[in-house]
Amino acid sequence: AQSVTQPDIHITVSEGASLELRCNYSYGATPYLFWYVQSPGQGLQLLLKYFSGDTLVQGIKGFEAEFKRSQSSFNLRKPSVHWSDAAEYFCAVGAGNNAGNMLTFGGGTRLMVKP
Amino acid sequence: DTAVSQTPKYLVTQMGNDKSIKCEQNLGHDTMYWYKQDSKKFLKIMFSYNNKELIINETVPNRFSPKSPDKAHLNLHINSLELGDSAVYFCASSQSIRETQYFGPGTRLLVL
């Protein structure tokens, strides 16, 4: 069974600073990987996804993530954080050969942005 | 236009009651899902429904049952509600079982 670990429960960065959120997954085959963001009281919005091909994927709001098979990681990055990026971020893995493609989520990382 | 919508947004009820949460998607997607997010923000899949094939997470109690009147709707019915059922329930849909899932805004259920 697949699993996802987000080692950092909370991260605080200053506005304008760079950001990296860590995500490690466990899955026996090629995974489908996602990053979602959840603002307070809101649903989940897809930031980006990796299915195959180029291991560096670009997403919305200036985010990018890099798939590293050797490290079983899919870390999310942003070069300059804005105050509006404060939210909860979830990494998820989907099993491509699972008939249900039920996503497995990490525990989330709460991002706080200092002015 | 709302892609995936859920009603109600908030639901407060007593233990032992039966309740339903409705989900509708206007994306023309073939697959729909239900997730539960607990008080610690942990998200867990409950069901996946594709072309009348239901896949159930084995940890979900049988008090929970998804009902799909048509391809655009997947409602969640909960019998004999318990305190531990309090959570936020998210509906999602995707074009196929291997495509991106789009989430609804969530239904916040509080069982007293």
Side-chain angles (χ1 to χ4, degrees), chain A residues 1-6 8-11 21 23 27 29-53 57-60 65 86-112, chain B residues 2-7 9-10 21 23-25 27 29-60 66 68 74 87-108:
Chain A
Q2 63 260 37
S3 66
V4 179
T5 302
Q6 293 179 245
D8 305 304
I9 298 175
H10 295 100
I11 283 186
L21 302 183
C23 172
Y27 181 61
T30 300
Y32 294 174
L33 294 161
F34 306 83
W35 275 99
Y36 284 88
V37 60
Q38 184 180 29
S39 298
Q42 303 296 314
L44 283 84
Q45 181 182 23
L46 179 70
L47 285 175
L48 47 77
K49 62 187 179 187
Y50 171 79
F51 281 5
S52 65
V57 293
Q58 303 296 321
I60 62 171
E88 190 93 22
Y89 291 79
F90 292 94
C91 181
V93 61
N97 61 355
N98 182 325
N101 194 31
M102 297 189 287
L103 295 179
T104 298
F105 282 85
T109 297
R110 176 161 293 180
L111 173 65
M112 290 173 279
Chain B
T2 303
V4 183
S5 59
Q6 296 178 227
T7 53
K9 190 171 182 178
Y10 299 96
I21 305 172
C23 177
E24 176 181 3
Q25 54 95 4
L27 298 168
H29 287 169
D30 289 332
T31 309
M32 296 184 74
Y33 312 82
W34 276 105
Y35 289 84
K36 178 181 179 181
Q37 186 175 43
D38 63 23
S39 58
K40 296 184 179 179
K41 299 283 189 179
F42 186 66
L43 270 161
K44 192 169 186 179
I45 182 70
M46 300 177 72
F47 305 101
S48 162
Y49 195 86
N50 173 262
N51 286 332
K52 301 186 179 181
E53 180 185 12
L54 175 65
I55 298 178
I56 304 171
N57 184 319
E58 60 189 13
T59 66
V60 176
S68 180
L74 183 66
V88 181
Y89 292 85
F90 287 99
C91 176
S93 73
S94 63
Q95 179 59 46
S96 69
I97 58 174
R98 297 179 182 180
E99 295 296 321
T100 300
Q101 294 180 22
Y102 294 88
F103 283 76
T107 295
R108 285 145 185 81

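Just so you know, these numbers use all the heavy atoms, side chains as well, and skip hydrogens, waters and symmetry mates.
One finds the CZ atom of Phe90(B) at 4.5 Å from the CD atom of Gln38(A) (value rounded to the nearest 0.5 Å).
Contacts of Gln37(B) with chain A are made by side-chain atoms alone, with heavy-atom separations under 4.5 Å and no backbone atom involved. For Leu44(A), the parts sitting under 4.5 Å from any heavy atom of chain B are the backbone and the side chain alike. Residue Phe47(B) touches chain A through its backbone alone, counting heavy-atom pairs closer than 4.5 Å.
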Could you walk me through whether Phe105(A) and Phe42(B) pass the ring pair (Phe, Tyr, Trp, His ring centres under 6.0 Å) test, one step at a time? CA-CA 8 Å; Phe105(A) 282 85; Phe42(B) 186 66; 8.7 Å; no
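More than 12 heavy-atom neighbours from other residues, nucleotides or ligands sit within 6.0 angstrom of CG on Leu27(B).
A heavy-atom distance below 4.5 Å is found between the side chains of Lys41(B) and Phe90(A). At a threshold of 4.5 Å between non-hydrogen side-chain atoms, the residues Leu103(A) and Leu43(B) do not count as touching.
Here the closest heavy-atom approach between residue Thr100(B) and residue Tyr36(A) is recorded as CG2-OH, 4.1 Å.
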